[in-house]
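Only this structure's heavy atoms are used, side chains among them; waters, hydrogens and symmetry mates stay out.
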Amino acid sequence: MKTLFIPLLLCAGLAQATSDFQQYQCDEGQAIELRLNSPSEMDLRLGWNVKRLNQVVAASGAKYSDSVDSVWLKGDQAMYEHQQKIINC
């Protein structure tokens, strides 16, 4: 019984840690997950990889970017850009 107790606690902790990401389903079948850390930074999760994006100037909505990936948020929609390819989510 003791050997099952620790893994169950770890699973419960993992479920809580991932629940604050908002998932967006994209047009091309992939999904992105976003977590707003503060008004000036956001985490982008693709599979098991998490990247920190910083807010940049946008004409409309909110845009977060690093040197490779960008996410624009407006209302309940998101656009994801990776290597100059834009995907609607």
Side-chain angles (χ1 to χ4, degrees):
M1 186 69 161
K2 289 181 182 179
T3 58
L4 293 176
F5 184 68
I6 292 174
L8 288 175
L9 285 177
L10 291 174
C11 289
L14 182 59
Q16 288 179 331
T18 60
S19 66
D20 54 349
F21 278 86
Q22 176 70 40
Q23 185 175 32
Y24 291 83
Q25 191 63 39
C26 301
D27 288 346
E28 296 189 3
Q30 76 182 88
I32 62 171
E33 295 180 79
L34 305 172
R35 175 177 57 198
L36 189 62
N37 298 318
S38 71
S40 64
E41 73 179 26
M42 167 181 285
D43 287 337
L44 165 66
R45 181 165 59 192
L46 299 164
W48 292 100
N49 297 320
V50 177
K51 297 182 78 174
R52 178 76 33 100
L53 306 178
N54 294 307
Q55 189 172 29
V56 296
V57 175
S60 177
K63 182 178 179 182
Y64 298 84
S65 185
D66 67 3
S67 60
V68 178
D69 296 296
S70 296
V71 173
W72 289 275
L73 299 173
K74 187 170 183 181
D76 62 349
Q77 295 183 336
M79 286 191 312
Y80 168 60
E81 179 182 15
H82 177 72
Q83 296 178 345
Q84 299 180 348
K85 181 179 180 182
I86 298 174
I87 302 169
N88 290 313
C89 302

If every non-hydrogen atom of Gln25 is compared with every non-hydrogen atom of Gln30, which pair is closest and at what distance?
NE2-O, 3.4 Å

Interatomic distance, CG@Asn37 vs CG@Asn54, rounded to 0.5 Å, equals 10.0 Å

Going hydrophobic residue to hydrophobic residue with side-chain gaps under 4.5 angstrom, can you get from Tyr24 over to Phe21?
no

How close do Gln55 and Pro39 get, heavy atom to heavy atom, and via which atoms?
OE1-O, 2.7 Å

Suppose we screen for side chain to side chain donor-acceptor pair (under 3.5 Å). Which residues come up paired with Ser38, at least two apart in sequence or across chains?
Ser40

Hydrophobic cluster membership, with links at side-chain heavy-atom distances under 4.5 Å among I/L/V/M/F/W/Y: are Leu53 and Ile32 in one?
yes

Can you establish whether the number of heavy atoms outside Lys51 located under 6.0 Å from its atom NZ is more than 12?
yes

Gap between atom CZ of Arg35 and atom CE of Met42 - 0.5 Å precision:
10.5 Å

So which heavy atom on Glu41 is nearest to which on Tyr64, and how close?
N-CE2, 4.0 Å

Where Lys63 and Ala58 come nearest, the two heavy atoms and their spacing
CB-CB, 3.7 Å

Transitively linked via ILVMFWY side-chain contacts under 4.5 Å: Val56 with Trp72?
no

Exercise answer: donor-acceptor pairs, residues 75-89 side-chain atoms, under 3.5 Å, sequence neighbours excluded:
{"unit_1": "Tyr80", "atom_1": "OH", "unit_2": "Asp69", "atom_2": "OD1", "d": "2.8"}
{"unit_1": "His82", "atom_1": "ND1", "unit_2": "Asp69", "atom_2": "OD1", "d": "2.6"}
{"unit_1": "Lys85", "atom_1": "NZ", "unit_2": "Glu28", "atom_2": "OE1", "d": "3.3"}

Heavy-atom distance under 4.5 Å between the side chains of Leu73 and Leu34, does that happen here?
yes

